[in-house]
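For reference, the structure discussed in these notes is given below.
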Amino acid sequence: MEFVFADRMNKFGEGIFTTLANIKKERYKEGKPVYDLSVGTPDFVPDRHVMEALIDAAQYTENYKYAISDSDELIDAVIKWYKRRYMVDLEKDEITSLYGSQEGLSRVALTICNPGDVVLVPNPGYPIFEIGPFLNEAKIEYYELREENNYLIDFASIPEETAKAAKAIIVSYPANPICRTAPKSFYEELIAWAKKYNVVVLHDNAYSELVYDGKEGISFLAVEGAKEVGIEFNSLSKSYNLTGCRISFAVGNKELITQFKKLRSQIDYGIFIPVQKAAIAALTGPQGTVERNRQEYEDRRNALCDGLESIGWKGAASEGTMFVWAPLPEGYTNSEKFVLELIEKTGVFGVPGSVFGSLGEGYIRFALVKTVEEMKEIVASIKESGIVK
Ligand SMILES: Cc1ncc(COP(=O)(O)O)c(C=O)c1O
């Protein structure tokens, strides 16, 4: 039989990640060094009490049935967490669980957009921000995040007709890949702009707990008027090292959440109950690990950024997330070529900035998934390679 696939499949090539995975395999086979800073999966482990909650629940056969919905206990845990963490009051019907923010972001536009409706997404930005609405047949328009504007949205640069046409805007700070945070005043501006043009705000706060230099992570919902215009995605993946459990939440505007839940009830049957139990334990139990992890990421950030600076590689920085965003060293302009050369000469893997959009070209993203000592080794190996002139 000859299969004729949907046109949308043409958007997804094999891409650089497959190339990097193959190179990594080859290098391991040849016994060459590999320092993989390409993938953002935490190398930390979940807290014991979180694992125990999951293990206990997994021993009861009734917990293997369809969960159908979020347990009252889970919703209550989210309400208390948002109150404790951000002083944000949430109602029960302002919350839905997701199989990770990635899944939520891949579907949320289905509730808001008809085919061809405009969704604004960041350039550079985390890929699902674009892929989700694209799969939902929305029309993608980009807003630019530029260093000269502190990587914040310059609302005046969004053309009037684009703003008027937009149905939704995806915003995310602390931002992957650019590693910048946004002040409260930014969210005030965002909310005013959204109200003016009647645009739904979808705020991804996946790195709410990973902010450095004494700053505190902000919830978009803590800013006046936010609930009138949008929802926030908040994930347990990075905050509690539960990436594989696939659990996060969308919270905020009741009408948006109600519609999203209605859509979700057609597609899935709820989060596995032991995972719900683990999430409750994480959100309500001791929080010490959250700060310890944050501090360790910050120490790694310092080791990498200061180390690179000391060998003449200027501008690597991160205010938050578990990544560092670095302009290519002098003499390089093509991020994909640079990544391949860096691997060849040092064994250090990063992600070419071009993966995140045209404005990511000229940059490389490193994940902070190696210890401080390993970061020092990485810097030494980059120095030795002579790749930084
Ligand atoms: C900005 C951003 N949003 C969402 C996600 C996915 O989070 P989750 O594990 O909750 O799907 C990631 C993962 O790297 C991310 O970087």
Side-chain angles (χ1 to χ4, degrees), residues 17 20 36-44 46 50 70 74 78 81 95-109 119 121-133 135 143 145 151 153 168-182 201-211 217-220 230-251 260 264 268 271-272 275-276 278-279 282-283 290 293-294 297 301 318-325 350-351 353 355-357 360 363 365-369:
F17 286 104
L20 294 182
D36 189 0
L37 303 184
S38 63
V39 186
T41 304
D43 55 321
F44 303 126
V50 174
D70 301 325
L74 180 62
V78 176
W81 192 87
I95 301 166
T96 181
S97 66
L98 308 166
Y99 292 102
S101 295
Q102 185 87 356
E103 177 271 319
L105 287 159
S106 75
R107 290 169 170 175
V108 66
V119 176
V121 305
N123 176 15
Y126 180 62
I128 197 66
F129 298 158
E130 173 181 350
I131 291 168
L135 290 175
Y143 61 81
L145 298 179
Y151 286 108
I153 306 173
I169 183 168
I170 299 183
V171 179
S172 180
Y173 294 97
N176 175 13
I178 54 173
C179 304
R180 297 306 200 279
T181 56
V201 175
L202 304 168
H203 183 248
D204 182 18
N205 206 357
Y207 298 99
S208 64
E209 308 312 290
L210 296 179
V211 178
I218 292 178
S219 166
F220 150 73
I231 57 177
E232 174 161 277
F233 295 80
N234 202 308
S235 175
L236 275 72
S237 287
K238 312 295 163 80
S239 306
Y240 295 97
N241 306 317
L242 292 175
T243 40
C245 281
R246 312 309 300 132
I247 180 147
S248 95
F249 297 93
V251 300
F260 200 12
R264 303 181 68 73
D268 65 50
I271 306 270
F272 185 41
V275 171
Q276 294 199 32
L283 294 170
V290 178
N293 285 352
R294 193 206 62 74
Y297 279 126
R301 187 272 320 247
S318 178
E319 294 176 354
T321 75
M322 55 178 298
F323 303 102
V324 159
W325 187 237
V351 178
V355 162
F356 304 102
Y363 291 82
R365 191 199 73 178
F366 293 117
L368 295 168
V369 290

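When a ligand or atom number is given, it counts from 1 through the structure's own listing order.
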Please write down residue, atom name and distance for the protein heavy atom closest to [atom].
{"atom": "atom 9 (O) of ligand 1", "result": "S237 OG, 2.6 Å"}
{"atom": "atom 7 (O) of ligand 1", "result": "S101 CB, 4.0 Å"}
{"atom": "atom 10 (O) of ligand 1", "result": "S235 OG, 2.6 Å"}
{"atom": "atom 2 (C) of ligand 1", "result": "D204 OD2, 3.3 Å"}

Do ligand 1 and [X] have nitrogen or oxygen atoms that lie under 3.5 Å from each other?
{"X": "T243", "value": "no"}
{"X": "Y99", "value": "no"}
{"X": "S248", "value": "no"}
{"X": "R246", "value": "yes"}

- Message: Test your reading of the model: is there a side-chain donor-acceptor pair from R180 to the backbone of P174, 3.5 Å cut-off?
- Response: no
- Mark yes or no for whether E209, through its side chain, and S239, through its backbone, hold a donor-acceptor pair below 3.5 Å. no
- Side-chain contact, heavy-atom cut-off 4.5 Å: L145 with N123? no
- Query: What's the spacing between L98 CG and I247 CD1 if we round to 0.5 Å?
  - Reply: 8.5 Å
- Spatial distance of atom CG (L210) from atom CE (M322) [nearest 0.5 Å]: 7.5 Å
- Message: Does only the side chain of F233 get under 4.0 Å from ligand 1, or the backbone, or both, or neither? Count heavy atoms.
- Response: neither
- Does ligand 1 have a heavy atom under 4.0 Å from the side chain of K238, from its backbone, from both, or from neither? side chain
- Item | Side-chain donor-acceptor contact under 3.5 Å, D70 with S97 | yes
- Check the side chains of Y173 and E319 for a donor-acceptor pair under 3.5 angstrom, ignoring hydrogens and angles. no
- Task: Number the atoms of ligand 1 from 1 as they appear, then name those within less than 4.0 Å of a heavy atom of N176, with their elements.
- Result: 1 (C), 15 (C), 16 (O)
- Item | Partners passing side chain to side chain contact (heavy atoms under 4.5 Å, CB included) against F44 (at least two apart in sequence or in another chain) | N241, N293, E296, Y297, R300
